[in-house]
Every structure is written in structure tokens, then in C-alpha cells.
There are 4 protein chains.
Amino acid sequence: MDKVSSTNDNIIKAALKLFSEKGYLGATTREISREAGVSEVTLFRHFPAKEKLLEEVIGKYSFLPALKDLLSEIHDLSYRDALTLIAQRLLDFLVMRKDWIRIMHAEVQRSPESKLHGIFHGLMEEFFNTLAVYFRTMQEKGVLTDFDPTYGARAFHGIFFCYFNMEDVLRRDRYRIADRNKAISEFVTIFVKGTER
Amino acid sequence: MDKVSSTNDNIIKAALKLFSEKGYLGATTREISREAGVSEVTLFRHFPAKEKLLEEVIGKYSFLPALKDLLSEIHDLSYRDALTLIAQRLLDFLVMRKDWIRIMHAEVQRSPESKLHGIFHGLMEEFFNTLAVYFRTMQEKGVLTDFDPTYGARAFHGIFFCYFNMEDVLRRDRYRIADRNKAISEFVTIFVKGTER
Amino acid sequence: MDKVSSTNDNIIKAALKLFSEKGYLGATTREISREAGVSEVTLFRHFPAKEKLLEEVIGKYSFLPALKDLLSEIHDLSYRDALTLIAQRLLDFLVMRKDWIRIMHAEVQRSPESKLHGIFHGLMEEFFNTLAVYFRTMQEKGVLTDFDPTYGARAFHGIFFCYFNMEDVLRRDRYRIADRNKAISEFVTIFVKGTER
Amino acid sequence: MDKVSSTNDNIIKAALKLFSEKGYLGATTREISREAGVSEVTLFRHFPAKEKLLEEVIGKYSFLPALKDLLSEIHDLSYRDALTLIAQRLLDFLVMRKDWIRIMHAEVQRSPESKLHGIFHGLMEEFFNTLAVYFRTMQEKGVLTDFDPTYGARAFHGIFFCYFNMEDVLRRDRYRIADRNKAISEFVTIFVKGTER
DNA sequence: CATGAATGAGTCTTCATTCAT
DNA sequence: AATGAATGAAGACTCATTCAT
């Protein structure tokens, strides 16, 4: 990576971190530039305004590619194993993209008319649809009851997203893998039993 | 209500509204005072600093009382009806306290070391426990399987909280009662089937 | 004068001085506020932006009222005495409004699309017309040759304006009343002889 | 012309244009370098500071040589024809050096202690003297009355300079040759009649 | 108790200028 | 000689907060 794109990247990473820690308004361009190890002016040569930097940061990451891969992986698994894998990957993603997600949620609330809103809406919609397609397939195979697949997807997502969110917000450092497996197992058990024919 | 406490109240209400719309940093004391119909200085006579105003706003509302009442109401209902009622009340609360919730979530993220963190933690813990106690009772009655009641509570909460959150964030105005009953019914169906013996 | 309008006035006076000395861009809001003896923020509470302050400063002064008065004063004077009085008053005005004029000229050049352009254009047009009316009257009385009165007005103005401008720019402090009377006399002599029948 | 001096020239021309359009402070080195088609650093290699670039630009042009030539041309012309030619040449010069003149005037006002002041002073003084010499010669020939030749020169200059300035500032593009000849004729008529014996 | 006027500290942003290649 | 990248200093402007009435 050449110097330019490395500087660019450093700034985006610093912004990702600080936006997620302090919110868009709470993070100053001065802090961000220092965290990135460059001068404030350099930040502004790379991104013409703070707002554009936010857009860049948000545009940089998505979890849809990972999800597509996932669907091909679970074809041969049992329903329970499939859901377990999906849950694991979802939590992996949420943990990995923790900062990005925090920014997304905070800023979508703060300025509902912004571009972020559209991005966020699209992302969620696509996630729900993808999961719903899986549920419908399984219903057609006769494995599942005929609940509404979209609501199923939202319930599944809600359970894990709130779990992640709570752990992230409340325990922050004490996040442990053991807890996590227990949680996945408990949640999946309920969900499988609740949807299986 | 005398003039003093009415002014006080107006300020808190204005702050609640603006904090929830624009975040703590995004809402200026000037705006808040104007929304409350008083001068900026008056705001500062009532609350010595913006931070204190936030604390006051947050401390003002909780949903625990409503929950306690609820538990006595559902004794005689069937499991399904009980969950439906709980879900309805939870969503009612979330919608009614929408602003408060938004602030809580945003600010807990933004400043993890603040008092809000403790408040939020306690609130959630108590909510989960209360629900868990109900589940445990039902397990002891032999109605439910022996899932971990705390995780059950979290799953239940997660489903409805994320549903509310998504509706709130994405559709904002198009929030309709029909959708809501459909959602409650679908979610409860899955959850009941997933936890009943 | 109450405190508010005195502060307001101080700021305008300070701006007038500094804009005229250093130009619009050269004078900083910080300097202006210090010159006015107030904080920078106070300046911005009184004038929402530097640009508005400029407009206020420019809008504050004009020389048309003085000119109207003048025309009634010269009715009974000889042509030469009338021109001498007009020249004196014009120079008085130019000297008194020195700062204002400097700003006007500089800023009309710098941003031709601004409001100032219209103001300036109107002012000059009116000045020329008023003087032309006087010349036409005198032509009708048979006192003057039939030169184009508008061009006569512009010639008269040009002579004295450039004189003022040169003295102002080049000698600044050495401006003396003796020089001035000599100049007026010389210029008027040429102009009278050049236009009298 | 080699590459170096062409680059040098491009920069000076770009600076001339932008300084005259936006003033010294309003024109940024970035803009100037782009207008010149070189990088900003190149500009600074050629001129060690913005201030030096201004001096270079100003030093580049003068109208005295043209004036000297002129004086030899008018020997055989009538007084009226001579003044007409001088006026034409003066306006030609002013129009051609429009940018230069604008900068000169603006900057002499803005920073009275600078070198420009001296340059400007010298230039004007020499112009006035040259013209005054012509008037004195004509007085000695008995063609003109015995007005003070220096003031005559200033009156003549003032009339045409203000005419040019007003046209330049106010009509900018609508500058037409017909108007100009009318103006020259009117002004010269008055001036000739005003100074001829 | 309530307020209009005032402010120091800080915001984002732009400037002329230098460094490394 | 020429440049893309980088910067310290300074710009206009806004913030939460205090003073005098």
C-alpha cells in the first residue's frame, strides 16, 4: 500500500474508532487526525468535510458478502446446526464490526434524513430477506411450520442482536466465549423448537 | 402545579424531546430553553449544567412499576395470553417512552463511565429477572420446558425490542397498529411453541 | 443611547475603521471586536456574519441628503461661487466619509455581484443627475454653453474625486487646508471658463 | 522563450488576473498556481513568497514609456487634437493595464507602508510632470492661459481616470467605443475651452 | 425568579509554506 | 526543475456558561 492510501486508511480507522466511542459530534477532527498520526489539515485534504469522512467510514463495511457465503455453507447441515452456524457468524460479524454498527445506529437516530438511513434500511432489508429465503426453503421441505418467514428472520435477528448489544454495552471487557456458546445454544434451542414442524 | 415546578417541567420535557431527536451533544441549551419557552439563563438556574439536566431527564422515567403491576394481572391467563399481554405492554411502554429510550441508548454508548450506565444496567437486570421469575414459575407448574429462564427473558425482550427499534428508526411515521398485532401474534406463536413442554 | 445600541455602534465604527484600513478580507473579526472593546462572540451576536457587518457598515452612510440641501443653497450665488461651494462640500464629504468611500471602492471591485454594486451604482447615478440638473438649468438661463450636462457632471466629479483620492492615498497626513483652497480655485477656474458661454 | 521563463511568465499572468479580480488577499496561491497550470510548489520555487509575487507583478508594467513617445508625436498637432490623442492613449493604457491598475489601487490602500506606495507615487508624479511640461510649453507659446500646469495635469487626468474607473466598475462588459469617443470629445471640449487663452 | 448581554474555550475549515521524492 | 503530500497558524463561527440588572 502506498503512502497516500495508507494515510487515507489511517484516518478512516481513527474516525471509525472515535466516532464509535464518542459519536459523530463528540469526536473532533483534531482528535481524529491525532489518532491517525497526521495533522488536522491532512485530514481535510483527504476528506473535504467531516460529514464526508463519516460517509466514507460507513460506506467501507458491510456484512452482506459474508452472509451470501454463509447460505451456501449450510445446505448440508441439520436445521439446528445451520441456525447455530448462522448465529455464530452473525455474532462474529457484530463483534468484528462493533464500531461500525455503533456509529450506524447512533447516526441513523441522530439525523434521520441522511444518506445513512437509506444504507441502513437497505442492509437490514437484505439481511431479513436472505434469512427469510432460507426459512421458506425449509418450510417447503416440510421441516418447519408455516410461520411468516420474514417475522421469523426478524425474531432470530432480534434475539442475537440484543444479546450482542447488551453484552457490548454492559460488560464491554468481560465478554467471554463460554457465555457466548451457552447463549447461542439456549437461544437456538428455543428458536428451533418454536419453528420446527 | 406552581410556576417553579411548571418551568422545571417544561425544561425537562423540552430536553427530553431535543435530546432524543438530536442527541445530547446535538441539542444546544439555547434550543432547549427556547423549546421550553424560557430564557437560557433560567435553564441554568434550574439545572446547574447541561449534564445535570440529562441526568434529571433520564432519572424521571422507568418502566419497572408498570411491569410489577403486569405480573399480578397475568396470573389467571393462559401462557399464550400472558405473553401476548406482556408483549403489548412492553411495546406500549417502548412507544410511550420512545424518547427516553433513545436517549438512554445513545448516551450509554457515548459515555460508558457515566451514571447512566449503572441506571441502565440495573433497569435491564431487573426487567430480565422479573420476566425470568415468571418463566420459572411456569416451569415449576410443568407448563414449560426447562430452558434457562434468564436467556428466555432476554430472547423475548430482544425480539420485541428490535422490532420496536426497527419500526421506530425506519418507518417512523408509518407505524401501524395492524402490523403490530400481526407481529405480536407471529412472535408469540414462535416463542410459545419454543418454550412449551 | 442604551447599552445595546452603543455596543452595536462601537462594532460598526470599529469595522468601518478596520475595513477601510485593511480591506474586508484583511480585517479579522477578532481585530474588529477588540477595536470595539467587546468579545468576538458579542460581535457575532450582533451581526450574524462578517458579510452582514459589511453591509451594515456600507448602508450606514450616504452623501445624497447633503447634496439636496446644497442645491437649495446655491440658487442665489454666481456660477463660480456655486461651483466653489459644491466643490468644497464634495471634498468635505469625501474627507469625512473617507473610510466609507475606501471600503466602497475596494469591495465593489472585489465582488462585483454583491449588493454593494447596486448601492454604489445608484449613488453615483443620483449624484451625476443632480449635478446635471443644475447645469441644465444654467444652460437654459443662457449662462452656459450647450455641453452635455451629464458629461459635465462627470468631469467635475472626476477632477475632485481624483484630487481627493491622490491626497488621501499619497500624502495622508500632510493634508493641508491651504493646498486645498488653491486646488479648488484652480480647478474651478478651468471648469468655469470651460463651460461658460 | 525557454521553459523556465515561460513558467515564470504564466505565473505572473495568472497572478495579475487573480489579484485584480479578487484582490491580493482574496486570491490564493493555490488558485494562482492552477490558473498558471503549475503546481503550488513550483510557484514557490519561482517566487519565495506571495508578497514577492505581488511585487513582481506590479513591477512588470508601467505607462511612462508610452507617454514619452506620445509627447514627440503631438508636436505638430493642434491643441485640441493633441489633447484628444493624449486622452485616447491614456484610456487605451488604462484599459490595457486594467488589471494592473486595479491591483495597484487596491494594494496601495491596503498597505500604505509597502513598496508599492513609492512606486505608485513616483509614477503619478512623473505622469503629472510630463503633462505639466506640455502645458507650460503651450503657455509659453501664448496658446494657453496661465493656470498652474500641475493642477491642469491633475484635472485632465482626473476626468479621464474617473471616467475609465466608472465604466470599468459599473458597466464592465458594456464598454463601447462609441460612448468612448463621445466622452473624449465632450471632455476635451470643456478642457480646451477652459484652458485656451 | 427571570433575563438580555457578554464571554473563553473550542468547533470546523483554509491559508501560505515546506518536505521528500 | 517539478510535484503530491504534509503542516502550523490563523480564519469565521458556536458552544455552554456567567454577569448585571
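Chain identifiers are assigned alphabetically (A, B, ...) following the order of the sequence lines, protein sequences preceding nucleic acid strands; residue numbering begins at 1 within each chain.
- The CG atom of Leu54(C) sits 12 Å away from the P atom of dC13(F) (whole-angstrom rounding).
- Of the possible polar contacts, none joining the Lys60(D) side chain to the Lys13(D) backbone as a donor-acceptor pair under 3.5 Å is found.
- Phosphate proximity of dA2(F) to Ser39(D): absent, as no side-chain N or O sits under 4.0 Å from OP1 or OP2.
- Place Leu25(A) and Val38(B) on DNA chain E by their nearest nucleotides, and Val38(B) ends up nearer the 5' end.
- Phe19(A) and Tyr24(A) have tilted rings, their planes meeting at an angle from 30° to 60° on a 0 to 90° scale.
- Thr29(B) comes within 4.0 angstrom of a base, heavy atoms only.
- In this structure, Arg34(A) places its CZ atom 12 Å from P of dC12(E), rounding to the nearest Å.
- Remark on DNA chain F: of its neighbouring residues Arg45(B) and Val41(A), the 5'-side contact belongs to Val41(A), judged by nearest-heavy-atom nucleotide.
- Straight-line distance from the CD atom of Glu31(C) to the P atom of dC13(F): 15 Å, rounded to whole Å.
- In the set dT3(E), dT18(E), dA12(F), dA12(F) carries the atom at the smallest distance from any side-chain atom of Phe44(C).
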Derivation of the side chain to side chain contact (heavy atoms under 4.5 Å, CB included) call for Val57(A) and Asp99(A): CA-CA 10 Å; Val57(A) 166; Asp99(A) 290 341; over 6 Å; no
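- Not one side-chain nitrogen or oxygen of His46(A) sits closer than 4.0 Å to the OP1 or OP2 atom of dA5(F).
- A straight line from CZ of Phe47(A) to C1' of dT14(E) spans 18 Å, rounded to a whole angstrom.
- Following rounding to the nearest Å, Glu51(C) (CD) and dG11(F) (C1') show an atom-to-atom distance of 15 Å.
- Nucleotide dA1(F): unpaired (no Watson-Crick or G-U wobble partner with both distances less than 3.5 Å).
- A salt bridge is defined here as a Lys NZ or Arg NE, NH1 or NH2 lying under 4.0 Å from an Asp or Glu carboxylate O, and Arg110(C) with Glu107(C) meets this definition.
- Applying the 4.0 Å criterion to OP1 and OP2 of dA2(E), one finds that Thr7(B) has a side-chain N or O inside that range.
- dT14(E) atom C1' lies 15 Å from atom CZ of Arg30(A), rounded to whole Å.
- Across the protein-nucleic acid pair, Lys22(C) atom NZ and dG11(F) atom P stand 9 Å apart, rounded to whole Å.
- Remark: side-chain polar atoms of His117(D) are paired, donor with acceptor, to backbone N or O of Val169(C) under 3.5 angstrom.
- Residue Leu43(D) contributes atom CG, which lies 10 Å from atom C1' of dA16(E) at whole-angstrom precision.
- Counting any heavy atom pair closer than 4.0 Å across all strands shown, Thr28(C) reaches sugar-phosphate atoms only and no base atom.
- Within the structure, every side-chain polar atom (N or O) of Thr42(A) is placed at least 4.0 Å from both OP1 and OP2 of dA5(F).
- Judged by closest nucleotide on DNA chain F, Glu40(C) is the one of Glu40(C) and Lys50(B) placed further toward the 5' end.
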